[in-house]
Amino acid sequence: MARLKNKYAGNGFFGVGILNNANDFNVGTLWRSAYVLGASFLFTVIRKYEPQGSDVTHAWTKVPLYHYGSVGDLKAHLPHSTQLIGVEMAAGALPLARFEHPLRAVYLLGNEKRGLDEHHLEHCAKVVQLPGTFSLNVAVAGSIVMYDRVSKMETAPRS
Ligand SMILES: C[S@@+](CC[C@H](N)C(=O)[O-])C[C@H]1O[C@@H](n2cnc3c(N)ncnc32)[C@H](O)[C@@H]1O
């Protein structure tokens, strides 16, 4: 039995996506980071992705890209035993530096103008926040969160 456990040990997986993005260039940049840093899937909520130039990796040709009609729809279709993690500057959000990433996580980023509001955040198991008093670009924020996960969990990105 111990041998089987060793053989099948792993660091789980993660997916990343954005709610109703305003700028396809940002999403392409996010997909590029997600692919390089080892995301298992990508998703959009409300607004669908239009392939364009900033994703030079064409990530959606290599990992599944899903679409959901709402955050509730996303939550209803999470992989088994997987936590939805909101990424937002919000009251009560956990600082990223001290955040322990769940083995199986789905990271949700907000719209560039409106972010994630309370209604969206209540679907999340946890909310994580980066340092600073002014928001970062959404693709930058998502890339930092994924890098933080990879660093802490020693997940091997694709070679
Ligand atoms: C440009 S921000 C949204 C703008 C924000 N609602 C505002 O009023 O300034 C877009 C998204 O990037 C992510 N984001 C940017 N800065 C962040 C930070 N410091 N901590 C966590 N998420 C951040 C969040 O997902 C946010 O919804």
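Just follow the structure's listing: the first ligand is 1, and inside any ligand the first atom is 1.
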Query raised in the report: Just which atoms of ligand 1 are under 4.0 Å from any heavy atom in A141?
Result: 13 (C), 14 (N), 15 (C), 23 (C)

Report task. Give the intermediate values and the outcome of side chain to side chain contact (heavy atoms under 4.5 Å, CB included) for residues D55 and Y49. Result -> CA-CA 11 Å; D55 175 17; Y49 176 60; 3.9 Å; yes

Query raised in the report: At what distance, to the nearest 0.5 angstrom, does CG of D24 lie from CH2 of W31?
Result: 10.0 Å

Query raised in the report: Which of the atoms of ligand 1 are close to S135, meaning less than 4.0 Å from one of its heavy atoms?
Result: 1 (C), 2 (S), 4 (C), 9 (O), 15 (C), 16 (N)

Side-chain atoms of residues 93-102: list all donor-acceptor pairs with protein atoms under 3.5 Å, sequence neighbours left out, distances to 0.1 Å.
from	atom 1	to	atom 2	distance (Å)
H101	ND1	Y107	OH	2.6
H101	NE2	D148	OD2	2.6

Query - Nearest neighbour of atom 22 (N) of ligand 1 from the list V87, N23, N26, on a heavy-atom basis - result: V87

Query raised in the report: What protein heavy atom sits nearest atom 15 (C) of ligand 1, and how far away is it?
Result: L136 O, 3.1 Å

Report task. Provide, to 0.1 Å, the distance between atom 8 (O) of ligand 1 and the closest protein heavy atom, together with that atom's residue and name. Result -> K113 O, 4.2 Å

Query raised in the report: Near L116, which atoms of ligand 1 are under 4.0 Å from a heavy atom of that residue?
Result: 27 (O)

Query - Residue L109 vicinity, atoms of ligand 1 by number, heavy atom under 4.0 Å - result: 25 (O)

Report task. Under 4.0 Å from a heavy atom of V138: give me the atoms of ligand 1 that qualify, with their elements. Result -> 10 (C), 11 (C), 12 (O)

Report task. Give a yes or no on whether the backbone of V56 and the side-chain of R32 come within a donor-acceptor separation of less than 3.5 Å. Result -> no

Report summary line: Closest to atom 19 (N) of ligand 1 (heavy atoms only, candidates R114, M89, E88, E112) is M89

Requested in this report: Considering the heavy atoms of N111, write down every atom of ligand 1 situated less than 4.0 Å from one of them.
Outcome: 3 (C), 10 (C)

Requested in this report: Quick one: pull up CD in E112 and CG in N137 and give me the separation to the nearest 0.5 Å.
Outcome: 7.5 Å

Query raised in the report: Heavy atoms, side chains only, cut-off 4.5 Å: are V106 and F41 in contact?
Result: yes

Query raised in the report: L116 and side chain to side chain contact (heavy atoms under 4.5 Å, CB included): which partner among N20, L109, L121, V71?
Result: L121

Query raised in the report: Angle class for the Y66/Y68 ring planes (parallel below 30°, perpendicular above 60°, tilted otherwise)?
Result: tilted

Query raised in the report: Do L130 and ligand 1 have an N or O pair less than 3.5 Å apart?
Result: yes

